Structure formats: C-alpha cells, structure tokens
Amino acid sequence: MTLSWSGRRQLLYYAVGIFLATILLFVLWDTFLTRQPTCQDGIQNGAETGVDCGGSCANICLDEARAPNILWARAFETSPQTYTAVAYVENRNQGAGAHAVPYTVRLYDEQNELVVEREGTADLPPVPQVPVILPNIDVGNRTVARTIFVFTASPQWERVRAEALPQVRITEQALTADGTRLSTLIVNEGLSEVRNLRVAGVVFDAAGVARAASVALLERIPAGTSQPVVFTWAGATSNVARAEITILPSF
C-alpha cells in the first residue's frame with residue numbers, strides 16, 4: 001500500500017517525535033540514574049542539602065553557615081601620617097574556612113568625617129579568631145578616632161579536615177616591657193614540611209586596646225624543626241599588658 005503525501009508527512013512527524021523523546025529519556029536516565037552525584041555538577045543530588053553544598057560536600061550551604069562576627073576593629077598610629085588597622089573576626093563555623101572574603105575598612109576622624117577607605121580580601125582559616133591586619137595606611141595630616149570594618153559579601157565556607165592542617169604550635173612567647181618586640185618559636189610537629197604559614201602578633205595595653213600588630217610569613221618549616229618569629233615596632237607602647245600570637249594556616 002502506498003502512503004499518501006499527508007500520510008508520509010504524518011509518519012515523519014511521528015518519527016521525529018519518537019527520536020526527540022528517546023534523546024530526552026536518555027538524558028534523564030544518564031543524569032538521574034547512572035551518573036554518580038558530585039559536588040560540582042550544578043544540581044542538588046546525592047546526600048546534598050543544597051546545590052553542591054551540605055551533606056557530604058565540602059562547601060557549607062549559605063543558609064546553614066554562620067556569618068563571621070566582627071569582635072572589634074581599631075586603628076593606631078605606627079609612624080607620622082601612617083596607621084595600622086586591625087579587625088578581630090570570630091569564625092563561628094567550627095572546622096570550616098573561607099577564601100578571599102571581600103571587606104571594606106573605613107577610618108574616621110574626631111568629627112566623624114571619613115579619612116580613608118580601603119578594600120581588600122581576607123582568608124578566614126578554621127581557627128576561632130582571625131586577626132585581619134592592614135598596615136601602612138597613609139592618612140596624611142589627619143588623626144583617626146574610629147574604625148569600621150565590614151565584609152561586603154557572604155563567605156563561601158568549606159569544611160577543612162583536621163589532618164589537612166599543619167601540625168604546628170606556639171612556644172617561648174616573649175614580649176618586652178615597652179611593647180617594641182614580640183618573639184615566639186613555631187614548632188612543626190608534623191611529618192611533612194609546612195609552607196606559607198602566616199603568623200599574626202597583636203600587642204594590647206591594660207585596657208585591652210590594641211597598640212601594635214603585624215603579620216609574618218614563614219615560607220618553609222621542615223618537619224620536626226622550629227622557626228623563630230620576631231615582631232618589632234619602632235615606638236614604645238605605654239602600659240603594655242599582654243600579646244596574642246595567632247597561627248593562620250593555609251587551607
């Protein structure tokens with residue numbers, strides 16, 4: 001039997017429809033039934049609680065993470081026309097860190113007028129408190145009376161395995177009476193060398209006000225060895241009470 005022209009066209013439509021439906025079914029089958037869920041596939045699957053986050057994924061979903069808390073921010077003069085700004089950030093996500101979180105710091109004078117504004121990014125490693133230190137801020141002939149530090153975007157937190165962090169500790173911490181020199185020894189107790197380890201030092205007076213701060217970078221600490229870290233500041237600080245040294249590991 002010979003099909004009419006309209007019959008052949010209708011048969012062609014059916015064939016095309018079946019072909020497209022077959023492709024669609026194959027894609028659905030490959031996506032949802034055969035492909036193993038990953039944390040980079042752009043869909044919520046497997047044990048995830050969000051798209052590529054939560055569950056077994058390293059990334060923590062934004063609605064499950066806790067925002068960093070700015071404990072305080074202060075600036076102090078380090079030389080004529082130059083200030084250092086310090087913010088203490090509380091990381092409330094235990095065992096998690098965030099890379100390159102954008103921030104803005106603003107310094108104001110006694111009349112609450114803006115002196116200078118700086119933007120940057122900060123890594124927040126998996127430690128309870130993270131000092132963010134911004135040295136060498138030129139303020140001209142102005143005097144800074146108030147400091148505001150804010151993050152301008154939500155961090156993308158990721159879980160960090162404890163065994164992935166360097167096995168280092170602080171020992172032999174010493175602070176001179178005038179606050180011009182703070183020293184310590186960083187001991188690598190792990191089985192592999194540690195690279196690019198940042199160490200922050202902050203000096204406080206009796207009222208708990210930060211008076212000096214700096215960050216050192218230790219490029220290499222071989223396994224089973226130690227390396228000294230020394231912070232020095234030109235001007236003496238009156239009423240020096242204590243110092244805090246914080247290890248800021250890469251992750």
Side-chain angles (χ1 to χ4, degrees), residues 39 58-60 68 71 76 78-79 82-91 93-103 105 118-137 149 151 155-176 178-204 210-235 237 240 242-251:
C39 294
N59 288 340
I60 299 176
L71 298 174
F76 40 84
T78 52
S79 63
T82 304
Y83 275 70
T84 291
V86 182
Y88 254 47
V89 180
E90 181 184 15
N91 177 356
N93 298 283
Q94 186 175 4
H99 290 284
V101 187
Y103 65 78
V105 61
R118 291 285 184 270
E119 295 180 347
T121 61
D123 288 341
L124 303 180
V127 298
Q129 294 183 4
V130 182
V132 180
I133 301 173
L134 292 78
N136 304 321
I137 302 176
F149 181 96
F151 287 111
Q156 176 56 70
W157 297 99
E158 59 181 271
R159 295 183 181 87
V160 181
R161 295 179 293 108
E163 56 269 25
L165 296 174
Q167 303 300 307
V168 294
R169 64 181 175 90
I170 299 169
T171 186
E172 298 183 17
Q173 178 174 320
L175 175 66
T176 58
D178 61 359
T180 59
R181 188 178 190 274
L182 173 63
S183 62
T184 189
L185 197 66
I186 306 298
V187 181
N188 179 6
E189 298 179 326
L191 300 177
S192 58
E193 73 173 15
V194 174
R195 288 185 174 273
N196 299 323
L197 185 72
R198 292 185 300 139
V199 181
V202 183
V203 175
F204 299 85
R211 295 298 186 184
S214 188
V215 176
L217 177 65
L218 304 183
E219 295 183 352
R220 179 175 176 269
I221 311 177
T225 67
S226 60
Q227 186 166 331
V229 178
V230 178
F231 303 100
T232 59
W233 297 277
T237 299
V240 170
R242 62 184 178 89
E244 290 184 0
I245 295 177
T246 306
I247 293 176
L248 304 173
S250 57
F251 58 100

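Everything numeric in this text was worked out from a predicted model, so none of it was measured.
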Under 3.5 Å donor-acceptor, Gln129 side chain and Val127 backbone: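 No, Gln129 side chain to Val127 backbone: no donor-acceptor pair under 3.5 Å.
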Backbone of Gly95 reached by a side-chain donor or acceptor of Asn91 within 3.5 Å: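 Such a contact is absent between Asn91 side chain and Gly95 backbone.
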Distance (rounded to the nearest 0.5 Å) between Thr184 OG1 and Gln173 CD: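 The CD atom of Gln173 is 5.5 Å from OG1 of Thr184, to the nearest 0.5 Å.
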Heavy atoms from other residues, nucleotides or ligands near CD of Gln94 exceed 12 (cutoff 6.0 Å):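 No, because the 6.0 Å sphere around CD of Gln94 holds 12 heavy atoms or fewer from other groups.
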Asp123, Leu218, Ile247 screened by side-chain contact (heavy atoms from CB on, under 4.5 Å) with Arg198, the one that passes: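 Checked Asp123, Leu218, Ile247 against Arg198; only one passes side-chain contact (heavy atoms from CB on, under 4.5 Å): Asp123.
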Qualifying residue, where the test is side-chain contact (heavy atoms from CB on, under 4.5 Å) with Ser226 and the options are Val187, Ile186, Thr171: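 In the set Val187, Ile186, Thr171, the residue that makes a side-chain contact (heavy atoms from CB on, under 4.5 Å) with Ser226 is Val187.
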Sub-4.5 Å side-chain heavy-atom contact between [X] and [Y]:
X: Thr180; Y: Thr237; answer: no
X: Ile133; Y: Thr84; answer: yes
X: Leu134; Y: Tyr103; answer: yes
X: Val203; Y: Phe231; answer: no
X: Gln156; Y: Asn59; answer: yes
X: Pro135; Y: Val215; answer: no

Do you know which two heavy atoms are closest between [X] and [Y], and how far apart they sit?
X: Val229; Y: Ala216; result: CG1-CB, 3.8 Å
X: Leu175; Y: Ala243; result: CD2-CB, 3.9 Å
X: Ser250; Y: Pro166; result: O-CD, 4.5 Å
X: Ser183; Y: Val230; result: CB-CG2, 4.1 Å
X: Pro68; Y: Trp157; result: CD-CZ2, 3.9 Å

Set of salt bridge (charged side-chain N to carboxylate O under 4.0 Å, His left out) partners for Arg118, sequence neighbours left out: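 Counting only residues at least two positions away or on another chain, Arg118 forms no salt bridge (charged side-chain N to carboxylate O under 4.0 Å, His left out).
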Partner residues of Arg242 under the salt bridge (charged side-chain N to carboxylate O under 4.0 Å, His left out) criterion, sequence neighbours left out: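 Scan of Arg242 (salt bridge (charged side-chain N to carboxylate O under 4.0 Å, His left out), adjacent residues dropped) gives Glu244.
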Parallel, tilted or perpendicular: ring planes of Phe151 versus Phe149, cut at 30 and 60 degrees: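 Because their plane-to-plane angle is over 60°, the rings of Phe151 and Phe149 count as perpendicular.
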